[in-house]
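As structure tokens, the structure follows; a few thoughts come after it.
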Number of protein chains: 2
Amino acid sequence: MNPKIDELNWKILKQLQDNARESFANIGRNVGLTAPAVAERVKKMEDLGIILGYKAKVSHALTGHQLKAIITLRAFMGKLKPFLAVVPNLQEVVNCYRITGNENIVMEVVLKDQFHLERFIDQLIQYGETRTHIVLSQVISNAPMHKIL
Amino acid sequence: MNPKIDELNWKILKQLQDNARESFANIGRNVGLTAPAVAERVKKMEDLGIILGYKAKVSHALTGHQLKAIITLRAFMGKLKPFLAVVPNLQEVVNCYRITGNENIVMEVVLKDQFHLERFIDQLIQYGETRTHIVLSQVISNAPMHKIL
DNA sequence: GATGAAACGTTGTGGTT
DNA sequence: AACCACAACGTTTCATC
């Protein structure tokens, strides 16, 4: 484990994962530090790559993506690299992992409706065999990182 | 699509998804609005549920989770509900979706090492049959939401 | 890490279109 | 209803200790 993360830094990380727009002054009040001390610790964690960034979380549904799916891809011979090259351009893909096992890729995609899904899958068949699972509900969404016991 | 999101709001959303700690004053400079105007628009998008929150993104690896896996679960009869009740308490689970198809659940989990993975899978077997895929690399990680064309 | 001061950002009021 | 201007207040940042 990274020794740069002491108890105080964990408390800071907890708050920033909960609300990334929280002021350093407020965080400082909660953990017993002054604002400059918090700012310095946060800067250091950014530089070390512990904090990778700050993102607003935007509703998929309210931006017109009523349908979510998990799609696995078993790439054809020589088709994995071409797929990896184009996938960053596919706006529908929210998350994409390269994995071990029978399938090479698993991705989380957001779509307007069933027609959009159909068009999206049609785009994929040139790269390999796909399997589609419709997401019924998201039980856990980007749970915060915690200290390992 | 939500008519509340005009071109200006999309520009604001783009910046907040890129850096949630960007000041309203700066965002305003980039889009041609004053800080209070940006603040008002952001407040409204929060109230409407378009913006769900602001989260610091923390490195999995640098917090001691060297191993990531995608695990699917095919729940035994009557075991899906108990699983859904406990999964929020499993710190290892970063994302969890209920899905259609042969499996009921797919989750992204972060783990210390192979022994941790073994212990985690052992915890799951009471709920159903699992399939584990080790994540080799994350090709796309929480891509920002965009306007639908 | 703390303190203190200057620069900057946020937030509320009032006014304009 | 959406925006701007202005001002009071809070926050960040930099120097110094």
query: Is any side-chain nitrogen or oxygen of T34(A) closer than 4.0 Å to OP1 or OP2 of dG1(C)?
result: no
- prompt: If we only count heavy atoms from C-beta on, is the I105(A) to Y97(A) side-chain gap below 4.5 Å?
  reply: no
N or O in side chain of K44(B) less than 4.0 angstrom from dA1(D) OP1/OP2: no
message: On the nucleotide dC3(D), are OP1 or OP2 found under 4.0 Å from the side-chain N or O atoms that R41(B) carries?
response: yes
- prompt: Between D6(B) and K11(B), is there a salt bridge with N-O shorter than 4.0 Å?
  reply: no
message: Between C1' on dC4(D) and CG on L8(B), what's the gap in Å once rounded to a whole number?
response: 14 Å
- prompt: Which of the following nucleotides, dG12(C), dT11(D), dT10(C), is nearest to the side chain of A25(A)?
  reply: dT11(D)
query: Quick one: which of dG4(C), dG1(C), dT10(C) gets closest to the side chain of E40(A)?
result: dG1(C)
message: Does A39(B) reach a base, just sugar-phosphate, or nothing at all? Heavy atoms under 4.0 Å.
response: nothing
Test log, rule side chain to side chain contact (heavy atoms under 4.5 Å, CB included), inputs L73(A) and N104(A): CA-CA 6 Å; L73(A) 177 77; N104(A) 311 104; 5.8 Å; no
task: Measure from CG on N26(B) to P on dT12(D) and round the result to the nearest Å.
output: 14 Å
query: With the threshold set at 4.0 Å, does a side-chain nitrogen-carboxylate oxygen contact exist between D47(A) and K43(A)?
result: yes
message: Just the rounded figure in Å: distance from C1' of dT3(C) to CZ of F24(A).
response: 19 Å
query: To the nearest angstrom, how far is R29(B) atom CZ from dC4(D) atom P?
result: 13 Å
message: Within the 4.0 Å heavy-atom criterion, would you say K43(B) contacts the bases, only the backbone, or no part of the nucleic acid?
response: nothing
- request: Find the distance E22(A):CD to dT11(D):P and express it as a whole number of Å.
  value: 9 Å
task: Assess the side chains of Q126(A) and K79(A): does a donor N or O sit below 3.5 Å from an acceptor N or O?
output: no
Residue whose nearest DNA chain C nucleotide is more 5′ - A35(A) or R21(A): A35(A)
query: Atom CD1 of I27(A) to atom C1' of dG10(D): distance rounded to whole Å?
result: 15 Å
query: For L33(A) and dT11(D), what is the distance between atoms CG and C1' respectively, to the nearest whole Å?
result: 16 Å
